Participant: 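My questions will all concern the structure given below.
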Amino acid sequence: MSVPEFNEIVESNDQTEARRYHLESLRELVGNVYPNKFDRGVIQDGITIISNQKATITNVVEFARPIKDKHISDLPEGEKPLDEQRDAANAELNGYHVRIAGRLAVPPRVMGKAAFVHLSDGVSRLQIYARKEDFTVLKNTGDSRLSTLDSWTAFGLFDHGDFIGVEGFLFVTKTGELSVHVETIRFLAKAMFPMPDKMHGIADPELQRRFRYADLIASSLQVEHDGLTTREVFERRAKLISGMRRFLDDAGYNEVETPMLTPKATGAAAKPFATHHNALDIPLYARVAPELYLKRLTVGGFEKVYELNRNFRNEGLSMKHNPEFTMLEFYCAYMDVNGMMDFSEAMIKESVQKATGGSLQVKYGENEIDFSKFERISMMDAVEKYALEGRNPHGNEGASSSSEKDQNDTLPTGRVSALFEEYVESKLIQPTFIIDYPKSISPLSKASPENPNIAERFELFINGMECANGFSELNDPQEQYERFVDQMKEREGGDEEAMVMDEDYIRALSYGMPPAAGIGIGIDRLVMLLTNRHSIRDVILFPHMRPERREDEK
RNA sequence: GGUCCGAUAGCUCAGUCGGUAGAGCAAAUGGCUUUUAACCAUUGGGUCGAAGGUUCGAGUCCUUCUCGGAUCACCA
């Protein structure tokens, strides 16, 4: 196997050569060009107010803003503050020393004997102002510092994207922008590659996903953008997930982790990834769902239990499908499907608000999705409402619609679910629970007490996408055994996705499982809705891509 | 897997009817001590995704391939 040269990875061109030259020149001036740490802080009168890890650029900007606003506020666009306003602000701001660190968010604007540049911590940016013969660069090897002349030379070797740490005092410029008047600078790390285009970021979706780090840099350095930046998408994703965790924790749920590598791929109708354990010499499968493990835990006495983690399905990729995706599954003892719909609706509403910053309405493409109300409609009624438009689902002209409900148990379920998938799903834009599923397509679900052919099961559709799936859990081991046998028959009949017999699960149910309801919520799809992203690959940091191939391997 | 679209400088993109390869940003050099998409001047930078074909001549037309996007079928 041939190992590529460093210069093949960091491709040599005029951009990288310039940066390489700057790096070597800096090494001669400051010694170690990749120092191990930099202490940050905000200091007044020699007393540290905000120290070290908390003194991000964002925190420093938030700290200084009210001080500036006291003297200069509501400045109209393009207007400069009055001299006396600025003097008053600076009289106070100059008393604060700050040590901040960040990435050069722009190429330095050097004007002969003074320079401006913005530093970014990924969220906020803060301008620094360095004046020739007015600051020094600290050496990173030894305790000494450069002469002011060498310091100015070193400053000229900083590139857009480098990391530096600076110490200085706060002030506002003539244009009213909060800035740091630099006294000392420490070089922290070099960017060998040029930064993404400041106006357009990374435009090619392949490169956005393949080089997500560069895409994230672009979203913090880009000057203007429409909608959420890539960074904001993943911040919103994190807020949704933490909102859900908090909601469940507060409701008394236990978070657990069940096996990712399982001897049997069960719990969902899906094709698994297969692997092999060498020491045990057995096949293992990446899990397709944690469902049966979580229900074993309800047998074991965890009345409320959840797992928020990845599932793996060896199926096609699409706008809505990634080989690994994140699912929240939870189970609650003594609850039925109706209680579960109530609870999960409340949970989704609250965590959507946490994610959006309070709003229950989000724009998704042409649609506005309103999370404030969730409709509930049976699959049969949905088919009548959206698909048949007056025709009856049996194909018998003249049958009245009132009699159709009574005939649910005699309907060919294949026809209903086919009609549903073909005509109804795409019309379910607003959050809608579809209820009353045919039992035959719900092998882990309990039957309705009113109708033995209907499963107490629901799926939540939003913008035509299935976002959640829940039911009253089947806890009769004998019936579960028979359902597994039926599944195995379908498997033998050629259905690769039909479930396999899980003997230990039957054994677990035979110890007694309380009545319970459960749900699985597709987190990625929910994040798509909340961030107006139309491909699941845009809400997964590192989605699956074909591996890169080098020229000599082709 | 089917269909449609795309790949040109480090980045974002033009490139007309087949006739000398272009711009902005970025880079380099010089100027500028409150700029902010800094500005002014100068300079360098190209295997036009790959291979083959048609042609006097191909970024442009044709074929095949690679990668990506959109869309359809299966999956959540």
Side-chain angles (χ1 to χ4, degrees), chain A residues 10-19 21-22 78 80-81 86 90 105-118 125-134 152 156 159-161 171-177 179 181 192-210 214 218 221-224 267-272 288-289 311-327 329 421-422 425 459-461 465-469 495-497 520-526 528 534-537 545-549 551 553-554:
Chain A
V10 183
E11 189 193 350
S12 179
N13 56 48
D14 63 328
Q15 313 287 313
T16 54
E17 281 309 312
R19 285 162 184 265
Y21 173 71
H22 293 166
K80 293 178 179 177
R86 199 156 54 85
N90 283 337
V106 290
R109 296 183 289 274
V110 180
M111 296 164 301
K113 296 191 175 76
F116 286 97
V117 66
H118 282 86
R125 51 176 72 198
L126 177 55
Q127 180 170 261
I128 65 167
Y129 172 62
R131 211 155 61 173
K132 190 177 181 182
E133 293 174 9
D134 199 26
W152 186 246
D159 289 304
H160 183 197
F171 76 111
V172 289
T173 63
K174 278 183 182 169
T175 53
E177 178 165 348
S179 306
H181 189 117
M192 297 304 296
F193 282 115
M195 292 296 103
D197 186 282
K198 65 185 167 190
M199 297 311 289
H200 306 93
I202 294 179
D204 183 339
E206 179 191 356
L207 301 182
Q208 284 176 1
R209 294 160 186 169
R210 213 180 269 289
L221 302 189
Q222 213 172 326
V223 177
E224 287 168 0
K271 287 178 237 172
V288 295
N311 291 338
F312 306 87
R313 299 192 183 173
N314 203 347
E315 286 157 3
L317 284 73
S318 81
M319 302 282 282
K320 297 179 198 171
H321 299 89
N322 195 58
E324 55 182 290
F325 62 101
T326 300
M327 179 115 100
E329 277 202 22
E421 280 170 26
E422 192 172 351
E425 282 190 13
E459 287 191 1
L460 173 62
F461 286 86
M465 274 195 298
E466 186 192 334
C467 291
N469 179 7
D495 184 355
E496 280 183 75
E497 293 171 359
I521 299 176
I523 298 298
D524 310 285
R525 291 182 176 181
L526 217 43
M528 287 168 68
H534 296 251
S535 169
I536 196 169
R537 295 175 148 205
M545 316 271 298
R546 278 198 180 82
E548 289 179 85
R549 287 202 302 174
E551 290 297 318
E553 288 169 350
K554 281 178 185 171

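A, B, ... follow the sequence lines: proteins, then strands. Residue 1 opens every chain. If you're wondering where the values come from, they're calculated on a predicted model, not measured in any experiment.
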Participant: Determine the Euclidean distance between corresponding C1' atoms of B/rA51 and B/rU66; express it in Å to zero decimal places.
Facilitator: 11 Å
Participant: Using the test ring pair (Phe, Tyr, Trp, His ring centres under 6.0 Å), find all partners of A/His200 that sit at least two apart in sequence or belong to another chain.
Facilitator: none
Participant: Mind checking if A/Ala269 touches a base, just sugar-phosphate, or nothing, with heavy atoms under 4.0 Å?
Facilitator: sugar-phosphate
Participant: Evaluate the side-chain proximity of A/Glu459 to A/Asn469: yes if any heavy-atom separation is below 4.5 Å, no if none is.
Facilitator: yes
Participant: Base, sugar-phosphate, or nothing for A/Glu177, non-hydrogen atoms under 4.0 angstrom?
Facilitator: base
Participant: When rounded to the nearest 0.5 angstrom, what is the spacing between CG in A/Asn322 and CG in A/Asn311?
Facilitator: 12.0 Å
Participant: Among B/rG10, B/rC74, B/rC11, which nucleotide sits nearest the side chain of A/Ser318?
Facilitator: B/rC74
Participant: Would you indicate whether the side-chain heavy atoms of A/Pro323 and A/Leu317 approach each other to under 4.5 Å?
Facilitator: yes
Participant: For the side chain of A/His200 and the base of B/rC11, is some donor closer than 3.5 Å to an acceptor across the two?
Facilitator: no
Participant: What distance, rounded to whole Å, do you find between the two P atoms, one in B/rU60 and one in B/rU55?
Facilitator: 16 Å
Participant: Roughly how many Å apart are B/rA73 and B/rC62, using the P atom of each and rounding to a whole number?
Facilitator: 30 Å
Participant: Are the side chains of A/Thr16 and A/Glu11 in contact, using a 4.5 Å heavy-atom criterion?
Facilitator: no
Participant: For atom CD of A/Glu17, decide whether the heavy atoms of other residues, nucleotides or ligands shown that lie under 6.0 angstrom number more than 12.
Facilitator: yes
Participant: With a 3.5 Å cut-off and heavy atoms only, can you find an N or O donor on one side and an acceptor on the other between the side chain of A/Gln127 and the base of B/rU35?
Facilitator: yes
Participant: Could you give the distance separating B/rG6 and B/rG10 at their P atoms, to the nearest angstrom?
Facilitator: 23 Å
Participant: With heavy-atom distances below 4.5 Å as the criterion, would you say the side chains of A/His321 and A/Glu315 are in contact?
Facilitator: no
Participant: Work out how far the P atom of B/rA9 is from that of B/rA23, and round it to whole angstrom.
Facilitator: 14 Å
Participant: Report yes if a side-chain nitrogen or oxygen of A/Arg109 is closer than 4.0 Å to either non-bridging phosphate oxygen (OP1 or OP2) of B/rA38; otherwise report no.
Facilitator: yes
Participant: Can you work out whether A/His181 or A/Leu207 has the more 5'-proximal nearest nucleotide on RNA chain B?
Facilitator: A/Leu207
Participant: Nearest-Å distance, NZ (A/Lys80) to P (B/rU34)?
Facilitator: 10 Å
Participant: I'd like to check A/Val110 versus A/Trp152 (side-chain heavy atoms, cut-off strictly below 4.5 Å). Are they in contact?
Facilitator: yes
Participant: Output, in order, the C-alpha distance, side-chain angles, deciding distance and verdict of side chain to side chain donor-acceptor pair (under 3.5 Å) for A/Arg537 and A/Gln208.
Facilitator: CA-CA 10 Å; A/Arg537 295 175 148 205; A/Gln208 284 176 1; over 6 Å; no
Participant: Looking for any heavy atom pair under 4.0 Å, which part of the strands does A/Ala270 touch: base, sugar-phosphate only, or nothing?
Facilitator: nothing
Participant: Considering only atom P, compute the distance from B/rG22 to B/rG59 and round it to an integer number of Å.
Facilitator: 13 Å
Participant: Should B/rU12 form a Watson-Crick or G-U wobble pair with both distances under 3.5 Å, which nucleotide is its partner?
Facilitator: B/rA23
Participant: Check every strand shown and say whether A/Asn322 touches a base, only sugar-phosphate, or nothing at a heavy-atom separation below 4.0 Å.
Facilitator: base
Participant: Can you tell me the distance, in whole Å, between the NZ atom of A/Lys132 and the C1' atom of B/rU33?
Facilitator: 10 Å
Participant: Which one is paired to B/rA28, where only Watson-Crick or G-U wobble pairs with both distances under 3.5 angstrom count?
Facilitator: B/rU42
Participant: Is there a side-chain contact between A/Glu466 and A/Glu425 (heavy atoms, below 4.5 Å)?
Facilitator: no
Participant: Hunt down the Watson-Crick or G-U wobble partner of B/rU34, both distances under 3.5 Å, from any strand shown, or write none.
Facilitator: none
Participant: For A/Glu329 and B/rA76, give me the distance from atom CD to atom C1', rounded to whole Å.
Facilitator: 11 Å
Participant: Roughly how many Å is it from CE in A/Met465 to C1' in B/rC75, rounded to a whole number?
Facilitator: 15 Å
Participant: When rounded to the nearest Å, what value does the distance between C1' atoms of B/rG24 and B/rU71 take?
Facilitator: 34 Å
Participant: Of the candidate nucleotides B/rC75, B/rU34, B/rU35, which contains the atom at the shortest distance from the side chain of A/Tyr129?
Facilitator: B/rU34
Participant: For A/Lys320, answer base if it contacts any base atom (sugar-phosphate contacts may also be present), sugar-phosphate if it contacts only those atoms, and nothing otherwise; contact means non-hydrogen atoms under 4.0 Å.
Facilitator: base
Participant: What one-letter contact string describes nucleotides 26-31 of chain B from 5' to 3', where B marks a base within less than 4.0 Å of any protein heavy atom, S marks contact via sugar-phosphate atoms alone, and - marks no contact?
Facilitator: BSS---
Participant: Please determine, for the side chain of A/Lys113, which listed nucleotide (B/rU34, B/rC75, B/rU33) has the closest atom?
Facilitator: B/rU33
Participant: Can you check nucleotides 68-71 of chain B for protein contacts, nitrogen or oxygen pairs under 3.5 Å, and list what you find?
Facilitator:
residue	atom	partner	partner atom	Å
B/rG68	OP2	A/Arg546	NH1	2.7
B/rG69	OP1	A/Arg209	NH1	2.9
B/rG69	OP1	A/Arg537	NH1	2.9

Participant: B/rU63 pairs with which nucleotide, Watson-Crick or G-U wobble, both distances below 3.5 Å?
Facilitator: B/rA51
Participant: Determine the Euclidean distance between corresponding C1' atoms of B/rA76 and B/rC13; express it in Å to zero decimal places.
Facilitator: 39 Å
Participant: Applying the 5.5 Å / 30° rule, does A/Phe116 stack onto the base of B/rA38?
Facilitator: no
Participant: Could you tell me whether the side chain of A/His160 reaches within less than 4.5 Å of the side chain of A/Pro194, counting heavy atoms only?
Facilitator: no
Participant: What distance separates A/Arg313 CZ from A/Met327 CE, expressed to the nearest 0.5 Å?
Facilitator: 5.0 Å
Participant: Quickly work out the A/Glu425 CD to B/rC72 P distance and round it to whole Å.
Facilitator: 13 Å
Participant: Roughly, in whole Å, what's the span from CD1 in A/Ile202 to P in B/rC11?
Facilitator: 10 Å
Participant: Just wondering, do A/Ile128 and A/Val117 contact through their side chains at under 4.5 Å, heavy atoms?
Facilitator: yes
Participant: NA contact type, A/Phe461, heavy-atom cut-off 4.0 Å: base, sugar-phosphate, or nothing?
Facilitator: nothing
Participant: Between atom CZ in A/Arg525 and atom P in B/rC75, what is the gap in whole Å?
Facilitator: 11 Å
Participant: Roughly how many Å is it from CE in A/Met195 to P in B/rG10, rounded to a whole number?
Facilitator: 16 Å
Participant: Can you tell which of B/rU12, B/rU33, B/rU34 lies closest to the side chain of A/Ala114?
Facilitator: B/rU33
